[in-house]
Number of protein chains: 2
Amino acid sequence: MDTAPAQVTVALDAVIMAVSDRQPRLLVVGPESDLPVLPAGPLDPRGDATLELGLRRCVVEQTGLEVGYVEQLYTFGDRGRRPDAGPQRQLSVAYLALVREAAPPLEAGFLDVYELFPWEDHRNGEPAVLGETIRPALARWAGDDPDRRERVATCLGPPWDGIRVLERYELLYSAGLVDECALDAGQAPAGRGVGRAMRFDHRRIAATALGRLRGKLTYRPVVFELLPERFTLLELQRTVEALAGTTLHKQNFRRLVERTGLVEGTGERVRGLGGRPAELFRYRPAVLTERPRPGVTPLYR
Amino acid sequence: MDTAPAQVTVALDAVIMAVSDRQPRLLVVGPESDLPVLPAGPLDPRGDATLELGLRRCVVEQTGLEVGYVEQLYTFGDRGRRPDAGPQRQLSVAYLALVREAAPPLEAGFLDVYELFPWEDHRNGEPAVLGETIRPALARWAGDDPDRRERVATCLGPPWDGIRVLERYELLYSAGLVDECALDAGQAPAGRGVGRAMRFDHRRIAATALGRLRGKLTYRPVVFELLPERFTLLELQRTVEALAGTTLHKQNFRRLVERTGLVEGTGERVRGLGGRPAELFRYRPAVLTERPRPGVTPLYR
DNA sequence: AGGACTTATGCTCGCATCGAGCATTACTGC
DNA sequence: GCAGTAATGCTCGATGCGAGCATAAGTCCT
């Protein structure tokens with residue numbers, strides 16, 4: 001009935017990321033045949049003492065995973081973002097979680113992040129899809145409109161700003177280059193959109209997460225949430241590079257993390273992979289009290 | 001009834017900040033005699049197309065103010081954060097808004113931010129309250145507990161990290177040094193807490209906002225939302241300093257903002273204030289496409 | 001008019017950081 | 001022994017930033 005008070009439902013959505021085989025990965029649920037979906041569940045207004053605890057509960061229930069690092073990301077609440085909710089307005093409080101596991105738990109699997117955002121991986125130079133598809137299409141879309149042209153310029157550079165993941169996704173959405181445009185309009189997607197689509201606004205949420213994480217790398221020691229307790233400097237570097245979508249100068253990277261006190265060597269070495277054995281390092285939590293903003297600062301500068 | 005489904009209410013809270021007379025100010029509503037409260041209102045699940053539009057609507061309704069720059073801050077949803085909501089669970093999606101106005105609109109007034117957080121203003125050296133009250137009390141609170149001691153060390157430095165506003169407020173809360181502790185426990189506050197209290201968790205929300213804003217200053221040109229279209233470099237510097245709670249070297253500040261292309265001179269000069277006339281500058285939006293992360297970078301480094 | 005005071009503006013050191021590259025070491029595999 | 005690979009040490013040069021000196025151009029007071 002129209003006279004009933006309009007209701008709001010609150011869901012807790014989880015962007016759970018890991019890095020393995022030099023690739024950032026996102027935990028998704030649901031049948032393979034369907035569009036991927038983020039793990040999520042309803043807030044229990046009485047049971048969940050805090051939103052974060054509610055999120056952890058939902059994640060365990062749905063994937064069996066006990067996540068460690070968790071951070072609130074953003075709250076999504078546009079009208080119409082969940083056409084499945086009927087007359088209910090659905091809010092999603094999204095969280096970013098980082099895990100070390102690479103083995104997909106029950107009913108869930110890891111999805112390569114750069115399948116969702118192929119234009120974000122610049123480790124082997126600018127990805128082909130940018131020059132061949134995205135830039136031309138955006139140029140057509142912008143035409144002579146100065147606002148559109150400027151928006152394209154800020155999002156795609158030069159200079160390329162790795163952090164603007166969300167802005168770029170939303171630009172592609174505005175220009176009709178992702179399948180979610182058709183889906184949101186109630187049409188069947190042509191299937192020719194750039195990157196792999198997700199259900200609802202979940203790819204937008206994932207974009208928010210990747211951008212946030214890239215930014216955070218520069219001023220907080222979050223990478224270590226994704227690594228085992230002991231690691232070589234190359235493993236550390238590869239993990240950072242996977243997330244940042246850029247490559248780094250090896251010697252300078254080593255200098256950076258050692259000089260700033262982010263890591264400390266354990267005397268141990270690993271061997272067996274061809275090449276000189278590498279020393280194993282560990283994260284040095286004391287850096288938090290020594291430096292104001294410890295992280296991989298020169299990532300995007 | 002216990003059998004009724006537990007309900008969730010969603011509110012939109014606004015942290016509206018301005019800078020005038022070299023002081024950051026926060027818009028609060030409610031009678032002077034009572035604890036200050038942030039402007040807020042319920043989400044209209046049918047009417048508000050987006051959360052941000054809903055927030056703008058609430059702000060206009062409550063204060064008559066049309067805010068310009070708006071950014072989502074955080075969503076607060078701890079159980080028990082709103083004892084007045086009865087059995088309802090209340091979520092607040094908080095937004096940060098920046099305005100130029102200094103004249104308090106209807107039923108509202110500006111409150112000096114450093115009345116809320118006197119320990120955050122380091123423009124005249126370390127504030128007295130830190131050395132005389134806060135540090136000794138925290139030392140007593142920490143005792144020999146290594147975790148507590150480390151928490152105190154990271155929050156209070158050295159080095160002082162201007163961005164950790166929320167962490168510091170929560171530390172003071174943990175240690176029972178702010179009046180909200182007693183209020184939340186249902187007791188009358190002794191009135192001896194540090195800084196001025198607000199109702200509910202609104203001071204926590206304000207702390208989140210100040211920290212976020214301080215951080216954002218370093219990589220986005222947000223200061224200009226608080227300034228008139230044309231301003232002198234000293235006005236710009238004073239505004240940054242007011243928010244950051246630090247002083248900056250004048251010549252270096254000028255060099256920074258000019259070299260990075262954040263501002264450009266209009267030929268005009270202002271006179272009449274004693275001292276050599278200053279040139280009027282304006283913000284240069286083109287910086288957004290030229291530099292990846294334009295802002296007052298060296299603020300906290 | 002002159003001097004004190006205030007603010008704006010230009011410029012120059014010195015240090016730390018960072019990008020880029022060269023050189024050497026120590027393993028694996030054939 | 002030799003090729004290949006990765007680790008590690010070191011050196012330039014450019015740039016950014018902290019700190020300060022010096023000068024310019026107004027106001028206000030006497």
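Everything quoted here is computed from the prediction, not taken from an experiment.
- To the nearest angstrom, P of C:dC18 lies 12 Å from CG of A:Leu248.
- The phosphate of D:dA7 has neither OP1 nor OP2 within less than 4.0 Å of any side-chain N or O from A:Arg269.
- A salt bridge does not link B:Glu241 to B:Arg123: none of the charged side-chain nitrogens sits closer than 4.0 Å to a carboxylate oxygen.
- As rounded to whole Å, 12 Å separates atom P of C:dT9 from atom CD of B:Gln237.
- Rounded to whole angstrom, the span from the CG atom of B:Leu233 across to the C1' atom of D:dA24 amounts to 16 Å.
- Listed pair B:Lys250 / C:dT9 fails the phosphate criterion, with no side-chain N or O lying under 4.0 Å from OP1 or OP2.
- Ionic pairing of B:Lys216 and B:Glu71 is present here: one or more N-O contacts between side-chain nitrogen and carboxylate oxygen are shorter than 4.0 angstrom.
- Around the CD atom of B:Gln72, the shell of radius 6.0 Å holds more than 12 heavy atoms that belong to other residues, nucleotides or ligands.
- Here D:dA22 is the nucleotide among D:dG18, D:dA6, D:dA22 with the atom lying nearest to any side-chain atom of B:Gln251.
- We find that A:Arg151 and A:Glu170 are not joined by a salt bridge, their nearest charged nitrogen and carboxylate oxygen being 4.0 Å or further apart.
- In this structure, CD of B:Glu235 is placed 13 Å from C1' of C:dA8, rounded to the nearest angstrom.
- Closest to the side chain of A:Arg271, from the set C:dA23, C:dC18, C:dC27, is C:dC27.
- When the nearest nucleotides of DNA chain D are assigned to A:His249 and A:Pro277 by heavy-atom distance, the more 5′-ward of the two goes with A:Pro277.
- Atom CD in B:Glu258 sits about 13 Å away from atom C1' in C:dC11, given to the nearest Å.
- Remark: C1' of C:dG10 and CG of B:Leu256 are 17 Å apart, rounded to the nearest angstrom.
- Taking 3.5 Å as the limit, the base of C:dT25 and the side chain of A:Arg276 contain a donor-acceptor pair of atoms between them.
- With a 6.0 Å cutoff to the six-membered ring centre and a 45° limit on the axis angle, A:Arg135 does not count as a cation-pi contact of A:Trp119.
- Both B:Asn252 and A:Arg254 lie near DNA chain D, and the one whose nearest nucleotide falls closer to the 5' end is A:Arg254.
- Between the base of D:dG9 and the side chain of A:Arg255 there is no donor-acceptor pair shorter than 3.5 Å.
- If you measure from atom CD of B:Glu279 to atom P of D:dA25, you get 14 Å, rounded to the nearest angstrom.
- At least one side-chain nitrogen or oxygen of B:Arg259 sits closer than 4.0 Å to the OP1 or OP2 atom of D:dG16.
- Atom CZ in B:Phe253 sits roughly 15 Å away from atom C1' in C:dT9 (whole-Å rounding).
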